[in-house]
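The residues of the chain are indexed from 1 along the displayed sequence. Note that the structure is a prediction, hence the values are computed from the model and not measured. When a ligand or atom number is given, it counts from 1 through the structure's own listing order.
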Amino acid sequence: MVSLWNDAEAKAFESDLELRVYSSRLLGKSSELVLHGGGNTSVKSTVTNIFKEAEEILYVKGSGWDLATIEAPGFAPVKMDMLLKLAALETLSDTDMVKYQRSAMIDPGAPTPSIEAILHAILPFKYVDHTHADAVVALTNTPGSEAIIKELYGESIIIVPYVMPGFILSQEIARAIEGKDLSKVDGLILMHHGVFSFDDSAKKSYEKMIKLVTIAEEFNATRKQPLQPKESAAVTPLQMAQIRSKVSEVSGNSMLARLDCGELSRAFMGHPEVARIATTGPLTPDHVIRTKKNGAVISSPEDIESYAAEYRAYFNRHNDGTLTMLNPAPMWGVWRDVGTLSFGSSAKEVGIISDIKEHTMESILTAESIERYIALPENEIFKMEYWELEQAKLKKSSAKPPFQGRVALVTGAASGIGKACALAFADAGAAVIALDINPDIATMFKSSAILGITCDLTDAKQIDRAISKGVFAFGGIDVLVNNAGYFPENANIEDIDSDTWQKSMAINLTAQQVMTTKVIPFLKEGIDPAIIFIVSKNVPAPGKGASAYSVAKSGVAQLARIAALELAPKIRVNMLHPDAVFDTGLWTPELLQMRARHYGMSVQEYKTRNLLQAEITSRDVADLAVAMASELFGGVTGAQVAIDGGSDRII
Ligand code: ZN
């Protein structure tokens, strides 16, 4: 570890709290120290209240804030006298602790203080830093670590045996520091949990953390063996979809899945005792809330059911009869001989799980090199997983987006209606595989929920590759939006050249058939699967000079109708016929002006020349596509809906 402290940078942060923000962010910058909201920091400061009285306040990290991005309002201001009085109680439930801490805040709008607030209050230093550093937890999760830690750190740290975070941990620490001369102590090492450092200077407290972690890192490096990645066995994306389908079924929620075959994953998967190390337990107690007690070891989808059966047995072993069981599906696992898997209900959650899994695997392999990886006993893990504060959260139901945990594949997604569909499905909570022949597709979406892949839909091999990439990233496909198309130049039938005709058939008809054929096996494994064909008003209302386009689109409509017949009852198939959507790449302002003038209209009149005098946008079409793929259309298949503001030619 290197100190990221920069005196010139730090000068801009003057007050106690500002400096606390600065050094907290330095900790947050290193994923080896804290991950996704892990760790916490505090500063003790004197403020003058409105009665002109001086008050001692602990500013401690509030829940919901991440050290990497924390700002001053992310610190909860709690009165020190109240925290010290709470610390002196003999017993206190964590629910009451949270309640009294909140009531002792000088700003009722501030976030809820960290559950480790009392612990921060009793450490008699201005700045207190706490992390779950990989190097320290890897070391403390080995059987002989206490002796090693004593030798490495000597008197510079105090070792604290494991107890659950919350009130009882603050009591344990109060006992550990009682009567000790802390002036020579840099910090505390909490077995199976992490490390605290403290000092009256923000810089020194931060740098003590770096020093304590570096000692562990350097020791681990002397024992660590190089990774021995194994080759991944070949698997099909359909096998991936079957695993994801089973995880969703067992969990009772739509879940995404991501396969990782990087070096670390292959080394972990290739470990001779992978079944033991993947199921021993979490690295630190706060991971259990996200990743469950342990990973799954998966050879086939049935192994997900065995995992769930074991999980139920574990719950029943420890439940006192008052608890609500969480869903029994795994959050991560090893796919035997292939790699590792992360699960989650959104692309964001899968990303978080994947990061925790990476750090967990790395630390487990380190612990195995040092001696052997051990975790907390099962009853301690259970206490954390079924902690009263976590159970209370279950009772607060929060609305989830309709497509959470589901995957939509959209073709022609770099512009117009296709792009609007990709964004609309993502807004509805879906993960989106966005295909387009335009290579910009790979970088145009900034959200981790949209994976842009370049793909020429007239090349079946490219379709296979794109599907495979999408499915290994998100787990499967639940919705197919067949949107890609192209509009050939107008020509009457007697003038049409064969190339134009063939090209229109290839892109507007055959590519849709090939894509549909290839995606159906995935939809059969999907959750409430649906296909939406974006067709054209040219099907019900053809126009002169557009035969190459309209005939291909009519073929698509017929394909969709037959698909609706063949794929019922599992998969719904519906069609949208957009018309006069002017915010697409086809329509430049000049072209719009020209067409409007041709009809003797203003541009606005031209855009709204339909029965409802409505201006139809790509987003309107996309929102209807989302609705058609949703439960709202649960009883509809084979339907054709025109979205055109109403046309007397179609009605
Ligand atoms: Zn902690």
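Within the 6.0 Å centre-distance limit, the rings of H120 and F196 are counted as a close aromatic pair. Aromatic pair W65/F75: centroids not less than 6.0 angstrom apart.
Judged as a salt bridge (Lys or Arg N to Asp or Glu O under 4.0 Å), the pairs with a partner in residues 124-149 (not counting sequence neighbours) are, in order, D16-K126, R20-D129, E146-K150.
Residues passing the salt bridge (Lys or Arg N to Asp or Glu O under 4.0 Å) test with D107, sequence neighbours excluded: none. A search for ring-ring contact (aromatic ring centres under 6.0 Å, His included) contacts involving Y311 returns Y314, not counting sequence neighbours.
Panel note: side chain E388, backbone T95; a donor-acceptor pair is recorded below 3.5 Å.
Protein N/O/S atoms closer to the Zn ion (ligand 1) than 2.8 Å number 3 in this structure.
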